[in-house]
Amino acid sequence: MDFKKAITFSMVLAGASAMASQIVFLREFLVVFYGNEISIGIIFASWLVWGAFGSWFLGRFSDRIHAKLRVFAMCQLGLSIIFPATFLFIRSSRKLMGITTGEIIGYSPMILLTFAALSFSCAVMGFMFSLACRIYRDVTDDPAGSVASVYVLEALGALSGGLLVSYFMIRYMSPSAIIFLLSFLNMSASAVMQQHGEPFRAKRIFFRFTAALLVLGTIAVFAGGGRWFRQFSLERLWTGFNVLESRNSVYGNITVIERGEQRSFYENGLHLYTVPDRLSAEESVHFALLENESPETVLLIGGGVGGLLTEILKHPVRKIDYVELDPMMIDLAKEHLAAEDAASLSRPGVNVINEDGRFFVKKRTGLYDCVIINLGDPYTAQLNRFYTVDFFRELDRILEERAVVLFAVTSSENYISGELRDYLRSIYLTAREVFPEVFIIPGDTAYFLISNTAGVLTYDSDVLMERMRRRGVDARYVREYYLFNKLSNERVEYARKTIEENVDVEINRDFRPVSYYYATVFWSTHFDTPFFRRLLRLVTPANIWLAAVLFCVLILFFCVWSGKKRRKRTVLLAVMTTGFAEINFQIAVILSFQVIYGYVFYKLGVIITSFMIGLAFGGWIMARRMHRFKNDMAVFTWTQLAVCFYPLILPLIFLWISRTQSNTVSWFGANLIFPFLPVIAGTIGGIQFPLANKICLEQGPPGERRESQAGRGEVGRIAGLSYGLDLLGACAGSFLAAAFLVPVLGIFQTCFLVALINVTVLAILLRPSGGN
Amino acid sequence: MKELEKFAGIWHKELTRRDFLRMCLAAGMGMGVSLYLFDVLSRYEAYAAIGEKRGMREALFYEKIGDEAVRCLLCPNQCTLSNGQRGICRVREPLKGKLYTLVYELICAVHIDPIEKKPLFHVLPGSRAFSIATAGCNSRCKFCQNWTISQRAPEETSNQRLSCSNVTASASSNGCSSIAYTYTEPAVFYEYVLESSRIAAGSGIRNVIVTGGKINPEPLRRLCRFIDAANVDLKAFNDKYLREVCAQKLETILQTLTILKQEGVWVEITNLIVPTLNDNMDDIRRMVRWIARNLGPEIPLHFSRFWPQYKLRSLYPTPVATLEQARDIALEEGLQYVYIGNVPETRTESTICPGCKKIVIKRIGYSVLENNILNGACKFCGRKIAGIWK
């Protein structure tokens, strides 16, 4: 392979490896942390911080390394070993931490583990970026252009790697197989690079060593080593559990655990349901169906295979529409559940629909007299969509007269704490916005009973039992011998009084998922140290805006104070704030799309892809035209203006599409506008980054262009620094946006906040003396 | 090797002294601020010191050490505390050389429950228990159902005052034949339980405690004067489990059980079986043997089913077969009254006469369907059935 092709391939591979490994590691981490999505923000933060460290800190040295190609090849070889090692480390974390079986994991161990696990792989990959820029510069003799080229190639690699893994490979290959594939590719690339590398005494030996490792490794993996590795790591991951099967789909991982006759289903590490578990199944079903005088048409979203269908079928209902997003769940249920449990799926009147529940409700035209939502707490932004005022309005449309809706959330039987009260109250108030009657059945699980007609719901257990007798329904738990206590006046009053306490609590909306935030705060109270609990309580909209304004003031101070280095500093700062903004754009687009259209996974993939396309496209344009600019700073200021302007029009677009009644607009939204929005965002970022590097590389006595001289000694360092800042900004963005900004402020205010920060940087750029 | 040297050399050359100092200063300031914030946000305020009067009363069972320090003698933790420090239970704190309880007459939870829910099956069946609790607990069970109050300090819970005499008054006005000191850990609100139960005993209302058993002998004996019945959570017959999952010691609980029996308190034992953690049948057999030998075969034993709770949210519920197996072992070893909790079935929830094997109390869930006990004995064969029936 000729050198230019080799280096190009390596760059694309680097981007692909980064994205692919991150996706695999993210999915594994989710399972380790028992499905806690707060971990996603921490994982991204860790990835980006280590990447920044690798590219900035280690990248300083890349200019002074003589044997650049050799070091690069060594890094690739290193990666091929680091990937499987990291994979094994992640899967062993529960065992390493010595946590009790089934024990949830707190913030501190989560942060520690994530940062430890991702250290080597991300730092090395970050370092490789700045090293690659330097190598490219040697080849093309164009410092700024080399950065642009590497950026573009990496983006293309990330794009293809990401798509391939998320939508194709994950369906047919196990995660460990994907990791081995990455190892193989990197090792091969290393071997090729070594050939082109600078000569040294041990070169031939090293090459033979690499080649041997490659061949032997491949044989070992195929000869059963791969399978052994998979089994071994799986056992370490589920230590303490007896795994029957662990399968992956594009939606996530479902693992079936066995204990005697019991089968437990874990989705992304989160315990969904156990069969048999008549208590949960009965309570979810019978409370809903008994409150309805004569239920005939039932809509069940999620959880049917957990025994709910069996319970529903005890009532004389005519039709049950069971919406289950992931078809793999149904398949696994059929394979692992006892015959009679799985049989409920094929009973007449039962329709299984593999679609996103929200989307189904949105476009449904039929009516139901009973709706059961069995998805668990809104612990993720995705699940939060089923607890918003917008969803309740959509639900209202498909309800018969005197219909009953039920969903269950975590609660506490004997005492409702402040955080729990806020959480329950936000959902309660949200439901009250739309429906006239909202009852709560208290307990360790709180059942929300909602009706669109007043006077339908009752706490009278005699009435409920009478209906049960009349219908000939046989239940063990929802019976008079428990109900008299569960529905006792005293307990119901306690819950009602606590939740109706006049405390200021926000209503849950699609574009402002506060219940998700309250759920997170409540979750954090499970842990002993009051630190995180108290910290989270400080996070109010007012405080966030205050912090943002203080940050802007800090930026102004920093840039103005810099004196001689002001131009460079401002430009680099702009790169960081743009990185922050870009991630926010992505999150906003993804969340809004999910909220408006539901979880349509391949369309989501399109959105993420178009962002990478935008990045690559922007970088490419800039690379081609960069050298013709007379005034770099002016162009840069225009790009910064775009970064400020974009977050102001995004909310308008979201609002317009979400409120539209026209089908054409809706169609255009899903298939053109939303997929195209990230292209614009990516292009802006892609344009800005190479230009920023060019400006920094030109830095010298004002007015003098020392481009080629600066390039030689500085490309690695500058590229490393700017990449690092870009990553840091993105890291802060991902962590802050997902965990705090979007839930507490909402998508629209978050966009404004992003605009504010970037406007501050714009203001500095526009200052008269900022021009040189 | 050479490469490493080069790296080191570059690193030294790159940094000027000023840069280095600036970095240190920034890092130092950053760390200082974060640590301070962390500390401030982690501390429990010296509650007693700020003079929060509600709930404060001088504690019983402590000794002074020197001028300002005290040692609490209520439970085996035996915390040595100085001014402003809180005990492990979070509800006891010294001030100026005296130890105070912070939850005297200060409850955070009050409910009326069927007595079967405690679970107490041989005490006034079908009656209601006036159940109260304050914040705090000296254990750290990872599956605690009442963690929102047991693992909290009183300043973190929403409390209300209920004087000792009002406890009795409220119990009778609500038609309850007993007061249950439950939900959290009655041992840690000891002074309140002691005084309240003394008043209740005087009015003919029964006193029951639902406890984990982590209390020292002397305070326990004193309390036994007024307590009629106790449900003790014997969580496992395995010190490793108790230590790791509950922060308890087996010998403490066994000692508590023995003392309760000696003092004539009616005892029922609950064993929560958590899958994969304490469902070893050998341990269960040893536990049941100990109970039969040391407390007698008439002690009711409740095997309880675990549901995902608190920190063990990601563990699945106990298979019913496990509970049945444990019950079979207990019956084999000679225990006469073995029940399965949280699983509604007449067979495993009803009281069977050890003599004629007929159902003397037919029970399902929290409901008593039939009561065939006459004057404390089986209606059919006259065999005495242990318990408190009046």
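Sequence lines set the chain letters: A, B, ... in the order given, protein chains first and strands last, and positions in each chain run from 1.
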Side chain from CB out, backbone as N, CA, C, O: work out which of these in [X] comes under 4.5 Å of a heavy atom of chain A, or both, or neither.
X	result
B/I364	both
B/R305	side chain
B/V110	backbone
B/Q309	side chain
B/P319	both
B/T318	backbone

For a 4.5 angstrom cut-off between non-hydrogen side-chain atoms, does [X] reach [Y]?
X	Y	value
A/I257	B/Y316	yes
A/I104	B/Y310	no
B/Q151	A/H526	no
A/T525	B/W147	yes
B/R313	A/T410	yes
B/Y366	A/F484	yes
B/H111	A/E413	no

With only heavy atoms counted, which part of [X] is less than 4.5 Å from chain B, the side chain, the backbone, both or neither?
X	result
A/Y494	side chain
A/T101	both
A/Y273	neither

Quick one: of B/P308, B/C108, B/A133, who has the most non-hydrogen atom pairs under 4.5 Å with chain A?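 Counting heavy-atom pairs under 4.5 Å, the top option is B/C108.
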Most contacts with chain A, counted as non-hydrogen pairs under 4.5 angstrom, among B/L369, B/N342, B/V368, B/N174: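 The answer is B/N342.
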Find the distance between [atom1] ([X]) and [atom2] ([Y]) and round it off to the nearest 0.5 Å.
X	Y	atom1	atom2	result
A/S412	B/I149	OG	CD1	7.5 Å
B/E156	A/S417	CD	OG	10.0 Å
B/T276	A/F241	OG1	CZ	6.5 Å

Other residues, nucleotides, ligands: >12 heavy atoms within 6.0 Å of B/Y241 OH: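 Enclosed: over 12 neighbouring heavy atoms sit under 6.0 Å from OH of B/Y241.
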Please determine which of B/N146, B/T184, B/D113, B/T182 meets the side chain to side chain donor-acceptor pair (under 3.5 Å) test together with A/N414. B/N146
Least distance between heavy atoms, B/S158 atom then A/Y415 atom: N-OH, 2.6 Å
Taking every heavy atom of A/Y481 against every heavy atom of B/G365, the minimum-distance pair comes out as CD1-CA, 3.7 Å
Looking at B/S314, is its backbone amide N or carbonyl O close enough to the side chain of A/E103 to form a donor-acceptor pair, meaning the two atoms are under 3.5 Å apart? no
Enumerate the residue pairs fulfilling salt bridge (Lys or Arg N to Asp or Glu O under 4.0 Å) with a member in residues 259-273 of chain A, sequence neighbours excluded, ordered by first and then second residue. A/R259-B/D279
Salt bridge (Lys or Arg N to Asp or Glu O under 4.0 Å): which pairs involve residues 415-424 of chain A, sequence neighbours left out?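 Only A/E419-A/R537, A/R421-A/E501 qualify under salt bridge (Lys or Arg N to Asp or Glu O under 4.0 Å).
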Does A/E490 have any salt bridge (Lys or Arg N to Asp or Glu O under 4.0 Å) partners at least two apart in sequence or in another chain, and if so, which?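 Scan of A/E490 (salt bridge (Lys or Arg N to Asp or Glu O under 4.0 Å), adjacent residues dropped) gives none.
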Could you please state which residues from residues 321-329 of chain B sit under 4.5 angstrom from chain A, measuring non-hydrogen atom to non-hydrogen atom, sorted by number, or 'none'? none
Residue from A/Q262, A/R278, A/H271 scoring the most non-hydrogen pairs under 4.5 Å with chain B is A/Q262
Would B/K142 and A/T100 satisfy side-chain contact (heavy atoms from CB on, under 4.5 Å), going step by step from the backbone distance to the final call? CA-CA 9 Å; B/K142 293 183 178 174; A/T100 312; 2.9 Å; yes
